[in-house]
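Working notes, beginning with the structure itself.
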Amino acid sequence: MKLFEKSRKTVAKGLTVWVSNHYCPTLFGIRGHYESSYKSGQYVECGSPGTGFFIRTSSSHSYKSFCAAEKAKLSQKYWDMVRGKEFSFDKEITRANEALRATDNEIKARILEAYVNVLPLAKEAEEGERIIAGIKELGHKRHKLTTYQTHVMSSYKSRIARLGHDVRDIQLSIPKLCSEERYNKFAEVVIAFTEVASSHRIWHSKDSYEGLDSAFEQVYFDLGIFNFIQAPLMTPMMRDSVGQYHFLYPDFWVASRSATDFDVYDLKDLTFLFREVPYEMISNMVLSSYADMNESSSVHHHRNYEQFGSGLLVSQDTSAATEMEKENRLRERVVGELYIPEIKLRYYVRDVKALKRFATALNGYK
């Protein structure tokens, strides 16, 4: 058990520094520091190394608050360290090996095998980053590092750079799984996804999950990375309201509960159904959540869900509607629905055109 936030460690001959005992999230294995922090937006780790997302530029206050909350989860907390709640590479390697032995899915096995192989390198790089921080702290106390201290720090930086080069041969690389031509076509799906991600409102419906109250909740889409899997473009990442992350790749779909607990679906086996849902066909309770909704409110519960019909409280009965009423519906605002029946995943998006383009791009790619 760790009791102290820092410990004395000999990092080179004749040089001992105080090194933090806290786990330190890094950009190792993600992408180059410049590209990750500037071009793609700030990177935020989600629960384990090699899995996270890049913060989008957005004017949405709710999205900014969400990102701030996700970054706050990464803050170092003394009691988490003492109780062993902080991330541990040794524990993660054990979990990954157990998951690898238990799976019979070929793609899942390849993902886990690459993850298991990358983790020891990521562990060494993370420890190196903490040592570098410890050496820099000496400079803060003495105003200037000695030549020897600077040399030691440079050697650790060089070692991390070499590890970053070596990891490229170990990581699962998407271009190695599909042809360049096919990935270029998949890029159209990624571009369409980025438009959906920028939508003013995205909701996930929990009506398909057994044992949960019927509800829907605002969620956010981003571009990210899963288990160090590398791709020329960032990977579409969809969140749901039950704690899962969904990652879209050219050949498969990953539904992740954690870095070692996830399901893999062949993209060819999934159906992407799109439809438009008129506002007037949605119950008042749902309608009120779309119109003039408080930014801070994101969860809306409905106890008598099924009485409203299928979908998100949508009534399919239009037999009583007059021709004029049906014609007027065409001028009403609508929300878009994307439903994937094989994994019981249902999203509603305010930007109907963007969602339709995304669904069309997905089905066209298939």
Are Phe272 and Phe274 an aromatic pair, judged by ring center distance below 6.0 Å?
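Between Phe274 and Phe272, the centre distance exceeds or equals 6.0 Å.
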Please confirm whether Phe226 and Phe262 have ring centers closer than 6.0 angstrom.
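Judged by ring-centre distance (under 6.0 Å), Phe226 and Phe262 do meet the cut-off.
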Compare all side-chain heavy atoms of Pro49 with those of Phe89 and state whether any distance is below 4.5 angstrom.
yes
Taking every non-hydrogen atom, the tightest pair across [X] and [Y]:
X	Y	value
Glu5	His22	OE1-NE2, 3.2 Å
Leu233	Ala187	CD1-CB, 3.5 Å
Ala122	Phe228	CB-CZ, 4.1 Å
Glu217	Ser241	OE1-CB, 3.3 Å

Cut-off 3.5 Å, side chains only: do Tyr63 and Asp222 have a donor facing an acceptor?
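Looking only at side-chain atoms, Asp222 and Tyr63 do form a donor-acceptor pair, the distance falling under 3.5 Å.
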Side chains of Tyr220 and Ser62: any donor to acceptor distance under 3.5 Å?
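Yes, a side-chain donor-acceptor pair sits under 3.5 Å.
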Assign the ring pair Tyr347 / His246 to parallel, tilted or perpendicular, where the plane angle (0 to 90°) is split at 30° and 60°.
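Perpendicular: the ring planes of Tyr347 and His246 meet at over 60°.
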Evaluate whether atom NZ of Lys108 has more than 12 neighbouring non-hydrogen atoms of other residues, nucleotides or ligands under 6.0 angstrom away.
yes
Test salt bridge (Lys or Arg N to Asp or Glu O under 4.0 Å) applied to Arg182 and Asp251, step by step
CA-CA 10 Å; Arg182 189 149 55 89; Asp251 290 324; 2.5 Å; yes
